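I have placed the structure first, in the form of structure tokens, so that the comments after it can refer back to it.
Predicted model only: the values in this text are computed from it and were never measured. When a ligand or atom number is given, it counts from 1 through the structure's own listing order.
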Amino acid sequence: MSKQRHVAVVGAGAFGGWTALHLRRRGARVTLVDAWGPGNSRASSGGETRVIRATYGPRGIYTHLTARALRLWKEHERRWQRKLYHPIGVLWLVEGDDAYEKAALPLLKEAGLTFEELSGAETARRACAAVLEGFLAEGGEYRQLAAEPGARLAEGELRGVKLSDGATLVADAFVFACGPWLGRLFPDVIGDRVRATRQEVFFFGTPPGDQRFTEQALPVWADHGRGFIYGIPGNEWRGFKVADDTRGPTFDPTTGERLPTPEVLQAAREYLAFRFPGLKGAPLVEARVCQYENSPDEHFIIDRHPAATNVWLVGGGSGHGFKHGPAVGELVAKLVLTGEAAPPEFRLSRFDAGVRPGG
Ligand SMILES: Cc1cc2nc3c(=O)[nH]c(=O)nc-3n(C[C@H](O)[C@H](O)[C@H](O)COP(=O)(O)OP(=O)(O)OC[C@H]3O[C@@H](n4cnc5c(N)ncnc54)[C@H](O)[C@@H]3O)c2cc1C
């Protein structure tokens, strides 16, 4: 009988939480560690709502990953008896060049996604907590501590990670799914390859009793015009969410203050007045400052550490990772336990070779 493998997963966000759960299901002993908790307010997975879209231009790997993730989101919603996914559709607006959207259409068909079904919004931070609960219920172990890989490399393997309570967590394999912190933990291998940018999200108040801006009346919308502005109605009564996908300035996810800036708010107001005249002059009722964890080409990073065969680095969600959590976790669990190589699109070597994945 083969010995049960012990895998430590650092980071309980969308990528790490699902990876831990899938590793557990594949029979590994799993310890999940997070410094601040699943979907905490500093994490990229923090926040209330995230969009599921399968429209990725010609990049079939993400369309198929979304299709798989959507099946897993629905399956787990049933399994855990809680509402995580709101199937309200997405209204995708295009101005001028629609090559990106056109290229996605055959891939959507190929992935078995009907256009009406492909998008929705989920409660993001609650979904991370639900994954943790599911993981614990299936025998996983969770510790709310910070972990550092340190310099404990021996014979091409990492022996253990140092925890913030002074203990060392020893395991056979390690997954670091540390979102915007991945570069700080691995300055040599990741460094600036995961760059956190400040992203502001605004929730505007709708007129009293006005049902037009609720999720019953309006889909998610994505305006791929001069830039890429998107929004989500409803948000559990937080207001009408508006966000600009343009990358903001570099941001420190640990120490950064999360107050919105007047200029970005003003731009959101102007956009709102233009596209949703009924909300012209609407008051701001909530705002959040989150961060994207961008890789240089905005594709995920899923690969083995080049100097440690038992260490996996998972991140670079680049503002679009959340929806993929269930399918990324499934993939990473398989790679860790079988030793298979990651898909070339996600490997670190693409940066060395200057190869752009996708297509
Ligand atoms: C405003 C905004 C809107 C977005 N909208 C969408 C969307 O609509 N659809 C979509 O699919 N995606 C969206 N994204 C992107 C998506 O949310 C992220 O790509 C995804 O959540 C990243 O998950 P992650 O697990 O890699 O990182 P995180 O959620 O940041 O998780 C990393 C975890 O690691 C922990 N950690 C870090 N370092 C350590 C350490 N040393 N020790 C212990 N724990 C540690 C942190 O506490 C954290 O919980 C959006 C992101 C933002 C900011």
Side-chain angles (χ1 to χ4, degrees), residues 8-20 31-54 56 62 65-66 69-70 73 90 119-122 124-125 127-129 131-132 142-150 161-164 169 174-186 194 196-202 220 222 228 230-232 241-245 247-248 251 253-254 258 287-295 298-302 313-329 332:
V9 178
V10 182
F15 284 177
W18 282 102
T19 297
T31 305
L32 176 62
V33 181
D34 197 291
W36 292 292
N40 67 79
S41 287
R42 285 178 167 112
S44 292
S45 306
E48 275 57 54
T49 46
R50 291 287 184 268
V51 180
I52 294 186
R53 60 158 167 141
Y56 269 95
Y62 291 111
L65 215 53
T66 304
L70 188 55
W73 279 116
V90 65
S119 294
E122 345 89 28
R125 84 166 73 224
C128 291
V131 174
L132 175 60
Y142 172 69
R143 305 174 71 180
Q144 190 142 328
L145 294 166
E148 291 282 342
V161 290
K162 191 150 182 354
L163 299 177
S164 47
L169 174 60
F174 298 85
V175 177
F176 289 89
C178 299
W181 291 270
L182 204 56
R184 193 187 59 77
L185 286 179
F186 295 94
V194 172
T197 54
R198 191 176 212 280
Q199 306 300 140
E200 301 189 11
V201 178
F202 302 106
V220 164
F228 187 72
Y230 68 95
I232 304 176
K241 175 170 168 176
V242 178
D244 189 339
D245 186 61
R247 272 48 180 169
F251 186 70
T254 305
R258 293 173 190 263
R288 290 183 55 82
V289 175
C290 191
Q291 71 279 312
Y292 286 166
E293 62 301 327
N294 304 285
S295 75
E298 296 179 11
H299 293 289
F300 300 164
I301 294 173
I302 299 174
L313 306 173
V314 179
S318 306
H320 64 100
F322 187 88
K323 69 181 85 54
H324 296 291
V328 164
V332 175

Checklist entry - Is Gly319 near ligand 1, meaning one of its heavy atoms is under 4.0 Å from it? => result yes
Next on the checklist: Measuring only between side-chain heavy atoms, which start at C-beta, is Tyr56 closer than 4.5 Å to Thr66?
Outcome noted: yes
Checklist outcome for this item: Logged contact type for Arg50 with ligand 1, heavy-atom cut-off 4.0 Å, is both
Checklist entry - Which ligand 1 atoms, with their elements, are less than 4.0 angstrom from a heavy-atom of Leu185? => result 41 (N)
Checklist entry - For ligand 1, is there an atom lying under 4.0 Å from some heavy atom of Leu145? => result yes
Item to check | Pair Ser41-Arg125, side-chain contact (heavy atoms from CB on, under 4.5 Å): steps then yes or no | outcome: CA-CA 9 Å; Ser41 287; Arg125 84 166 73 224; 3.5 Å; yes
Checklist entry - Are any of the N/O atoms in Lys323 less than 3.5 Å from those in ligand 1? => result yes
Next on the checklist: Considering both backbone and side-chain atoms of Gly46, is one of its nitrogen or oxygen atoms within less than 3.5 Å of a nitrogen or oxygen in ligand 1?
Outcome noted: no
Next on the checklist: With heavy-atom distances below 4.5 Å as the criterion, would you say the side chains of Trp181 and Arg42 are in contact?
Outcome noted: yes
Checklist entry - Which of the numbered atoms in ligand 1 are below 4.0 angstrom from a heavy atom of Gly317? => result 19 (O)
Checklist entry - Between Ser318 and Asn294, what is the shortest heavy-atom contact and its length? => result OG-CA, 3.5 Å
Checklist entry - Has ligand 1 got any nitrogen or oxygen that is less than 3.5 angstrom from a nitrogen or oxygen of Ser45? => result yes
Checklist entry - For Glu293, is the nearest heavy atom under 4.0 Å from an atom of ligand 1? => result yes
Checklist entry - Can the ring centres of Trp73 and Phe322 be said to be less than 6.0 Å apart? => result yes
Next on the checklist: Please determine whether any non-hydrogen atom of Gly37 lies less than 4.0 Å from an atom of ligand 1.
Outcome noted: yes
Item to check | Ala146 N/O under 3.5 Å from ligand 1 N/O | outcome: no
Checklist entry - Could a heavy atom of Tyr230 be found less than 4.0 Å from some atom of ligand 1? => result yes
Checklist entry - Applying a 4.0 Å heavy-atom criterion (strictly less than), which segment of Val10 is in contact with ligand 1: side chain, backbone, both, or neither? => result side chain
Checklist entry - Do Val332 and Trp18 come within less than 4.5 Å of each other through their side chains, counting heavy atoms only? => result no
Next on the checklist: Looking at Glu200 and Arg288, is any side-chain nitrogen of the basic one under 4.0 Å from a carboxylate oxygen of the acidic one?
Outcome noted: no
Checklist entry - Going by the order shown, which atoms of ligand 1 are within less than 4.0 Å of some heavy atom of Pro180? => result 30 (O)
Item to check | Any N/O pair Cys178/ligand 1 closer than 3.5 Å | outcome: no
Checklist entry - Just one of Arg53, His299, Lys323 clears the side-chain hydrogen bond (donor to acceptor under 3.5 Å, both in side chains) bar with Tyr62, so which one? => result His299
Next on the checklist: Give me the atom names and distance for the closest heavy-atom approach of Gly179 to Val194.
Outcome noted: O-CG1, 3.7 Å
Next on the checklist: Which of the numbered atoms in ligand 1 are under 4.0 angstrom from any heavy atom belonging to Gly11?
Outcome noted: 33 (C), 34 (O), 35 (C)
Checklist entry - Should the proximity of Ile52 to ligand 1, defined as any heavy atom under 4.0 Å, be assigned to the side chain, the backbone, both, or neither? => result neither
Next on the checklist: Check this for me - ligand 1, Ser318, N or O atoms closer than 3.5 angstrom, yes or no?
Outcome noted: no
Checklist entry - With a 4.0 Å heavy-atom cut-off (strictly under), which part of Phe322 contacts ligand 1: side chain, backbone, both or neither? => result both
Next on the checklist: Tell me whether the rings of Phe176 and Phe174 are parallel (<30°), tilted (30 to 60°) or perpendicular (>60°).
Outcome noted: parallel
Item to check | Pair Gln291-Ser44, side chain to side chain donor-acceptor pair (under 3.5 Å): steps then yes or no | outcome: CA-CA 6 Å; Gln291 71 279 312; Ser44 292; 3.3 Å; yes
Checklist entry - So is Gly315 close enough to ligand 1, meaning a heavy atom under 4.0 angstrom away? => result no
Next on the checklist: My understanding is that we take every heavy atom of each candidate and find the minimum distance to atom 24 (P) of ligand 1. Doing that for Trp18, Phe15, Phe300, which one comes out nearest?
Outcome noted: Phe15
Next on the checklist: Check this for me, if you would: do Glu148 and Arg184 make a salt bridge, where the nitrogen-to-carboxylate-oxygen distance has to be below 4.0 angstrom?
Outcome noted: yes
Item to check | Nearest heavy-atom neighbours spanning Thr31 and Arg143 | outcome: CG2-CD, 4.0 Å
Checklist entry - Side chains of Tyr292 and Asp245: donor-acceptor distance under 3.5 Å anywhere? => result yes
Item to check | Nitrogen or oxygen atoms of Asn40 and ligand 1 under 3.5 Å apart | outcome: yes
Next on the checklist: Can you name the atoms of ligand 1, numbered from 1 with element, that are less than 4.0 Å from a heavy atom of Gln291?
Outcome noted: 53 (C)
Item to check | Considering all heavy atoms, the nearest Ala147-Val161 contact | outcome: CB-CG2, 4.2 Å
Next on the checklist: Between Phe15 and Phe300 (judged by ring centroids, cut-off 6.0 Å), do the two rings come close enough to count as a pair?
Outcome noted: yes
Checklist entry - Is any side-chain heavy atom of Val10 closer than 4.5 Å to a side-chain heavy atom of Val175? => result no
Checklist entry - Hey, which atoms in ligand 1 end up nearer than 4.0 Å to a heavy atom of Ala147? => result 40 (C), 41 (N), 42 (N), 43 (C)
Next on the checklist: Side chain or backbone, does His320 bring an N or O within less than 3.5 Å of an N or O on ligand 1?
Outcome noted: yes
Checklist entry - If you measure every N/O of Asp34 against every N/O of ligand 1, is any gap under 3.5 Å? => result yes
Next on the checklist: Applying a heavy-atom cut-off of 4.0 Å, say which part of Val51 lies close to ligand 1: side chain, backbone, both or neither.
Outcome noted: both
Checklist entry - Hey, does Gly47 sit under 4.0 Å from ligand 1 if you only count heavy atoms? => result no
Item to check | For Ala243 against Val201, the heavy-atom pair lying closest together | outcome: CB-CG2, 4.2 Å
Checklist entry - How does Ala177 reach ligand 1, if at all, at less than 4.0 Å between non-hydrogen atoms: by side chain, backbone, both, or neither? => result backbone
Checklist entry - Just which atoms of ligand 1 are under 4.0 Å from any heavy atom in Val201? => result 1 (C)
Checklist outcome for this item: Atoms of ligand 1 under 4.0 Å from any heavy atom of Trp36, numbered from 1 in the order shown, are 47 (O)
